[in-house]
Structures are given as C-alpha cells and as structure tokens.
Number of protein chains: 2
Amino acid sequence: MSTLANKIERYIKEMMETAEKNCLELKRKDLAEVFSCVPSQINYVLETRFRDEQGYHVISRRGAGGYFQIIRLEVADNKEMKNLIAAVSETEMDFKQAERFLGRLLEEAVIHRNEYMLIMSMINHESLASAAEAEDRVRAAMMKNVLITLLRADY
Amino acid sequence: MSTLANKIERYIKEMMETAEKNCLELKRKDLAEVFSCVPSQINYVLETRFRDEQGYHVISRRGAGGYFQIIRLEVADNKEMKNLIAAVSETEMDFKQAERFLGRLLEEAVIHRNEYMLIMSMINHESLASAAEAEDRVRAAMMKNVLITLLRADY
DNA sequence: AGAAAAAAGGTCAAAAAAAGTCAAAGAAAA
DNA sequence: TTTTCTTTGACTTTTTTTGACCTTTTTTCT
C-alpha cells in the first residue's frame, strides 16, 4: 500500500486535471480532514512533490479564511523555458534535484518514460560515484547537455 | 534440506513467474516475516541470487512505505549477454570505445537515433570533464547502467 | 478604535517506519 | 582443517508521520 503522502499527491494532481485550469485553491485544514491526518502532513507533500523544479508553484495566505494555491508552470511557456535553462546551467546538481527536474519533464511529456529511465540510470549515484567530490558538477554538466539535446531542432 | 536462502530464492522466482509480469514489488519486512528470519537475510538473497549479471535488477526505497522491486532482465538464457554485462561492469571506457559500442546498438536497432544522441551527449568529454582522472571509470559505470536499463523487461 | 479571541497556515524537531551495511558467529563443503 | 557460504544482529540512513509551538489575518466584543 502506497503512503499517505503519495495518496495526497495523486489526489491533488487529479484535482488539477479535473480543474482544467492551471491553478487550484485548497484549504489545508480541509484537505487534512479528507485524509484524516495532521495539517502539517499537507506541507510535507507540498514541499516534497510540488516544488518549483517540479513544475508547480505554491502560494498561501495565513489567518482566518486562509488557503493555498497550487499553480502549474508549463514548459511550453517561454519564460519557463528560460527558467529551465537557468536552473540546469547551475554548476552543481544533486541527485534529488535532478530527479525532481526530470520528473517534471516527464510529467509534461517533454521526455518519455524510456528516456526518463535511461537518463536517471546515467545520473544516479551509482553511475557517478567514482567522480567523488565532483559528482554534483558532473551531473549538472550532463543535465545541461541533456537539455541542449532535447532542444535541438533535429532531435 | 535446502538452505533458507534457497527457499527464499525459489519463492521469489515463483512469484515472478506467477505474476506473469516482469517486475515484482515486495516489502523486505513482510518477506522476512513469511520466512521468520531477520530482514537482512533478504538482502543476502538479493545480493547472491538476483544480481545484474544473473539477469535481475533490484531497486529499492527506504523509509516509511519502503519496498524493493525485482526486475527481470531480458538476458534469460543468453550467456553471452550476461558476460557482456559482467565485462562492462568492470572496465574503464574511453569515449571512442563507448561510441563504438553505442554505434553497434544503434545499428542493431536496440536503441534509436534520439536515444543515441541523448546518451552520447551525456557521456562525452564535456559532460564528464570535472570527473578528471575518473572520467573513464564514470563512463564505464554509466554504460553499464545504460545496458541494464535497455535490458529491463519493462523498458 | 483597540483588545481579545478565533481561525487559519507555517516551522521544526522528534518519533516511527522502513531499508541498508557490515562484521561476527555458525554451518557446510572441500 | 581450512575455506566458503549462510545466518544473525547491532548500528546506520532514508523517508514519512505527528505534534507542539509560532505567526498572520480576520472577527468579535467592549
């Protein structure tokens, strides 16, 4: 059985689909009630599954009548493309970052499942272990080249 | 009487058959309970009987909701393939060697043009430069993982 | 208007729930 | 009797879940 965090993630993503809009507004307390869990569990899900690198942006308001909004950032969007390139041109990238980033490309169908698996297998710690302290730098360079390749007109 | 390790091995392989799927997901703790042994016994079985060279690839996740997956590789009876995996696992590989290897995979239509481009962009010198003297070892590890991924029955 | 209460959401660290590692002890084989 | 293979358990690491305490915003009551 999948974890509670996974269920909440799926629930939110389904809602987003159904909404047929790129923005979803929810109340933390209500959502926690639906899953009968503590409210901070919702924050955990947002922090681990709905970060900017993953293609979602979250804003919230406290106080009575508070809420949070999840906005999906589309790669198709030109501005987002620039963000992507900027992100990937960072000099270091740990595995988790790369995974979130690739998860996003997969979700948005920029890459397909097989490409995802292939890339993941090449950037994982096992592959890069011999690089020692240079691991995150190598990964960043690889990710940059992946993006450049994906953007090539003849890909 | 056969050893416990052998029984667990048979049990897993039977499950794999029955599942009529190339991928099996299990919980280490549950399996240990079935055989009333310590959980690390399961790791022993996986390490000695389900290695890549033996035609199985294992992936796992720790933490609450953790599990492991055993994926069958399509090498089955193919001794040559198993040897190839073993060979690639050990070596260092410079760019030219990797290029020839990938070229063959492309010719034999194991991979397609896009995959070829993607992989090449990740193993080239530019990507791996920061690895310094470890470059060829990193490339070999990457190529091994590429091979494993391509052979995954669920690829 | 100002103060207090209520109604949210945020943070952080501890507890819980897995899985991994490694070395020592025991059993089997050579 | 060495050597190799198996079994066990103490300790580690990772991921999720929970709860106590904090901050912000609105509402209600003098």
Side-chain angles (χ1 to χ4, degrees), chain A residues 1-13 23-54 56-71 94-100 103 120 123-129 135-136, chain B residues 1-13 23-54 56-71:
Chain A
M1 229 244 303
S2 189
T3 61
L4 177 56
N6 281 328
K7 283 180 202 147
I8 297 173
E9 175 190 3
R10 242 176 300 140
Y11 179 86
I12 293 175
K13 287 186 176 167
C23 183
L24 192 56
E25 190 171 309
L26 294 166
K27 286 185 161 289
R28 186 178 81 147
K29 216 181 105 259
D30 291 354
L31 195 47
E33 225 148 71
V34 169
F35 289 93
S36 35
C37 63
V38 296
S40 57
Q41 175 76 333
I42 307 302
N43 294 78
Y44 176 70
V45 174
L46 296 179
E47 276 153 30
T48 53
R49 278 110 161 132
F50 293 90
R51 299 165 66 99
D52 287 359
E53 315 94 282
Q54 290 162 312
Y56 296 90
H57 187 69
V58 179
I59 53 184
S60 68
R61 259 183 76 90
R62 303 189 182 192
Y67 60 89
F68 66 88
Q69 276 179 222
I70 305 178
I71 300 145
D94 68 27
F95 179 69
K96 292 236 177 265
Q97 275 176 281
E99 187 181 32
R100 286 194 290 264
M120 286 285 278
I123 61 160
N124 70 19
H125 174 66
E126 199 196 316
S127 280
L128 305 187
E135 174 170 339
D136 291 357
Chain B
M1 229 246 304
S2 186
T3 65
L4 177 56
N6 282 330
K7 283 182 202 147
I8 298 173
E9 176 189 4
R10 241 177 300 135
Y11 180 87
I12 292 175
K13 288 187 175 165
C23 183
L24 192 56
E25 191 171 308
L26 295 166
K27 285 185 162 289
R28 186 179 81 147
K29 215 184 98 243
D30 291 354
L31 195 48
E33 225 149 70
V34 170
F35 289 94
S36 35
C37 62
V38 295
S40 57
Q41 174 75 336
I42 308 303
N43 294 78
Y44 177 70
V45 174
L46 295 179
E47 277 153 30
T48 54
R49 281 116 161 124
F50 293 88
R51 300 174 63 83
D52 292 338
E53 316 88 80
Q54 292 164 320
Y56 295 90
H57 187 66
V58 178
I59 289 174
S60 69
R61 258 185 83 87
R62 305 188 182 191
Y67 60 87
F68 65 89
Q69 275 179 219
I70 304 179
I71 300 144

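Lettering of chains follows the sequences in order, A, B, ..., and the numbering in each one begins at 1.
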Contact nearer the 5' end of DNA chain C, comparing N43(B) with A64(B): A64(B)
Might you point out which heavy atoms bring [X] and [Y] nearest each other, and give the distance in Å?
| X | Y | answer |
| --- | --- | --- |
| K13(B) | Y56(B) | CE-OH, 3.6 Å |
| Q54(A) | R49(A) | OE1-C, 3.1 Å |
| F68(A) | K27(A) | CE2-C, 4.0 Å |
| A5(A) | Q41(A) | N-NE2, 3.9 Å |
| I42(A) | A32(A) | CD1-N, 4.0 Å |
| L46(A) | I12(A) | CD2-CD1, 4.5 Å |

Checking side chain to side chain contact (heavy atoms under 4.5 Å, CB included) for the pair S60(B)/R28(B): CA distance, chi angles, key distance, verdict? CA-CA 10 Å; S60(B) 69; R28(B) 186 179 81 147; over 6 Å; no
Toward the 5' end of DNA chain D, which comes first, T3(A) or R49(B), by nearest nucleotide? R49(B)
Would you please test H125(A) and F95(A) for side chain to side chain contact (heavy atoms under 4.5 Å, CB included) and show each step? CA-CA 7 Å; H125(A) 174 66; F95(A) 179 69; 5.7 Å; no
Please classify the nucleic acid contact of [X] as base, sugar-phosphate, or nothing, using heavy-atom distances under 4.0 Å.
| X | answer |
| --- | --- |
| G63(A) | base |
| Y67(B) | sugar-phosphate |
| S40(A) | base |
| I42(B) | nothing |

Which ones in residues 26-35 of chain A lie close to DNA chain D, meaning a heavy atom under 4.0 Å from one of its atoms? none
Between [N] atom [atom2] and [X] atom [atom1], what is the distance in whole Å?
| X | N | atom1 | atom2 | result |
| --- | --- | --- | --- | --- |
| E126(A) | dG20(C) | CD | C1' | 14 Å |
| R61(A) | dG10(C) | CZ | P | 12 Å |
| N6(B) | dA29(C) | CG | P | 11 Å |
| E47(A) | dA13(C) | CD | C1' | 13 Å |
| Y44(A) | dA14(C) | OH | C1' | 15 Å |
| L46(A) | dC12(C) | CG | C1' | 16 Å |

To the nearest 0.5 Å, what is the distance between CG on L24(B) and CZ on F50(B)? 9.0 Å
Terminal contacting nucleotides, 5' and 3', DNA chain D versus chain A (heavy atom, 4.0 Å): dT15(D) to dT26(D)
